[in-house]
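Here is the structure we will look at, set down as structure tokens.
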Amino acid sequence: MALFLFVSLLTVSVLVNVEFSEGLKIIIDAVAFLIILFALRLMADRPSYDVIGKSFIIGGVISSIVSLVQLTIQPFFLRIGDTRPAFGGLLRSNGIFSTEYYNSYFLIIAVAWTLVTVKNNFLKSGLVILFSMGVISSFQRMSWIILILVLVTYFIFIRKLAIDKLVLMGISIATLVLSLSIFYYQDIMNSSLVKDRLTDSVDGRKGYYGMVIDNIGKKPWLGYGDLKNEVYYTNLLRITGDRDRATAKTGSLHSGYFSSLYEYGIPAFISFTLFVLLSVIYYAKAFKNNPYYVIPFLVGIIFMIGNLTNTFLFLSYISVLYATHIGIGMGLNKLDSEESRPPI
């Protein structure tokens, strides 16, 4: 219900605020998100869902190996996109994807599939370690946080792993990271990875969020429709000094929540937030009866947290993966309902 309300409010906002030719694409993207979600629900076939999971794991293995080669041997090995610096002379690893965060979020989803579907503990541990190394090599801060959150959620709240074992594991990893950081301290402190967060200039995400809060009062109910408007242009040019960002050719508001608020208004923002939160809560309750629901639950966490500092709305990369897994969860629910139905 919250998702349908959000799409409806988005459609009205776009039709009111945006030229029809431009707005039509936004509406089509929103409808395509719904189609993906309900197509996976209508599939309602567990073997097909297993194939999807195996494709994530196989793709994760390939991308992780490519990521480690890019980090340690040849930075341009199979690189097809961004060349963002990490620290020293190292580049952030993209794996088989065009950006480091596409790579890292894909690998975190592969971790979720591995934790739930791989039964051999030795193989499971090896795959999780490999995928985690791929995520670390991306040097994408939010993906590190999400990976830790996914692992902690799984081992503490789902597997009920003893706290002392988890603490010992955490201390061991922290000791290893600290030991390595001593050797590369100067390079790390001079890297964009650190400098981007130590500097609190207006050319940062706080400036974007402040701009949204300052201007949403002018159009609280339906927002501005998109980012190609005078308010966005004036403020982003002031904040960044970059004309491409001001004209929305590059960049975004770096938050799915703030983007939904600015572009589509307060009611749409509430609907979007409710949809994300309720899906996580639903699958958090559902996996107690069927461990397969852990996968859409963990992907829901990835989407919920990722949207704090990135804009993932509809057909943006991770949104497609999110729709796929929410659809799988709905399909599993349909299967469970059919299996529990008494025979006629």
Side-chain angles (χ1 to χ4, degrees), residues 1-34 37 142 200-282 300-301 303-316 318-319 322-323 326:
M1 182 65 185
L3 177 60
F4 282 113
L5 182 58
F6 175 55
V7 172
S8 300
L9 291 168
L10 173 150
T11 301
V12 174
S13 172
V14 168
L15 291 175
V16 169
N17 292 297
V18 183
E19 290 184 11
F20 182 76
S21 58
E22 290 287 329
L24 184 62
K25 181 183 182 302
I26 300 173
I27 297 170
I28 289 174
D29 282 355
V31 173
F33 181 91
L34 293 175
L37 193 151
M142 181 54 75
D200 190 22
S201 65
V202 292
D203 185 11
R205 297 178 187 185
K206 288 183 180 179
Y208 307 154
Y209 305 158
M211 182 275 289
V212 173
I213 293 170
D214 291 342
N215 289 281
I216 191 59
K218 299 173 184 176
K219 289 192 172 185
W221 301 113
L222 294 175
Y224 292 84
D226 64 1
L227 301 180
K228 296 178 180 179
N229 52 73
E230 185 178 350
V231 172
Y232 185 84
Y233 177 84
T234 303
N235 283 279
L236 263 290
L237 192 62
R238 172 180 57 82
I239 294 169
T240 67
D242 186 331
R243 192 172 296 276
D244 284 341
R245 285 197 178 188
T247 55
K249 289 182 180 178
T250 61
S252 67
L253 288 172
H254 287 285
S255 170
Y257 304 107
F258 277 99
S259 292
S260 64
L261 175 61
Y262 178 82
E263 294 182 53
Y264 312 124
I266 294 172
F269 160 73
I270 294 172
S271 301
F272 175 72
T273 305
L274 280 175
F275 165 64
V276 175
L277 288 175
L278 291 175
S279 65
V280 170
I281 293 170
Y282 174 79
I301 289 178
F303 187 78
M304 179 176 68
I305 303 301
N307 263 301
L308 290 174
T309 59
N310 294 280
T311 300
F312 297 129
L313 295 179
F314 298 125
L315 292 192
S316 59
I318 197 174
S319 297
Y322 177 65
I326 294 300

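Quick note: residue numbers are just sequence positions, from 1.
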Heavy-atom pair of closest approach, residues N17 and L222: ND2-O, 3.7 Å

All salt bridge (Lys or Arg N to Asp or Glu O under 4.0 Å) counterparts of D29, not counting sequence neighbours: K25

Which atom of L10 lies closest to which atom of A30, heavy atoms considered: CD2-CB, 4.1 Å

Partners passing side chain to side chain donor-acceptor pair (under 3.5 Å) against Y322 (at least two apart in sequence or in another chain): S279

With sequence neighbours excluded, residues passing side chain to side chain donor-acceptor pair (under 3.5 Å) with S319: S316

Distance-minimising heavy-atom pair for L274 and A2: CB-CB, 4.2 Å

Validation row: F303, I326 side chains within 4.5 angstrom (heavy atoms): no

Distance (rounded to the nearest 0.5 Å) between T250 OG1 and R245 CZ: 6.0 Å

4.5 Å side-chain heavy-atom contact, I301 and V280: yes

Distance, nearest 0.5 Å, that separates CG of L308 from OG of S255: 6.5 Å

Contacts of type side chain to side chain donor-acceptor pair (under 3.5 Å), residue Y257, not counting sequence neighbours: none

Show me, pair by pair, the donor-acceptor contacts under 3.5 angstrom made by side chains of residues 261-270, not counting sequence neighbours?
residue : atom : partner : partner atom : Å
Y262    : OH   : N229    : OD1          : 2.7
Y262    : OH   : Y232    : N            : 3.2

Distance, nearest 0.5 Å, that separates CG of L278 from OG1 of T273: 10.5 Å

Distance in Å, S13 OG paired with Y224 OH, rounded so as to fall on 0.5 Å steps: 11.0 Å

Partner set under side chain to side chain contact (heavy atoms under 4.5 Å, CB included) for F4, not counting sequence neighbours: L34, F38

Euclidean distance, L236 CG relative to L227 CG, rounded to 0.5 Å: 8.0 Å

Residue list, side chain to side chain contact (heavy atoms under 4.5 Å, CB included) with A32, at least two apart or on another chain: L315

Pair listing, salt bridge (charged side-chain N to carboxylate O under 4.0 Å, His left out) test, anchored in residues 207-222, at least two apart: none

Minimum heavy-atom distance between S260 and F272, given as atom pair plus value: OG-CD2, 3.9 Å

Minimal non-hydrogen separation, D244 against D242, with atom names: N-OD1, 2.9 Å

Residues which pass side chain to side chain donor-acceptor pair (under 3.5 Å) with S271, listed by chain and number, not counting sequence neighbours: none

Residue pair L253 / Y208, side-chain heavy-atom distance below 4.5 Å: yes

Any donor-acceptor pair under 3.5 Å from N307 side chain to F312 backbone: yes

For the student: nearest non-hydrogen atoms of G23 and V14, plus distance: CA-CG1, 3.1 Å

Residues that I28 engages under side chain to side chain contact (heavy atoms under 4.5 Å, CB included), provided they are two or more places apart: L24

Results of salt bridge (Lys or Arg N to Asp or Glu O under 4.0 Å) for K228 - residues two or more places apart only: E22

Any residue meeting side chain to side chain contact (heavy atoms under 4.5 Å, CB included) with S8, in chain and number order, not counting sequence neighbours: none

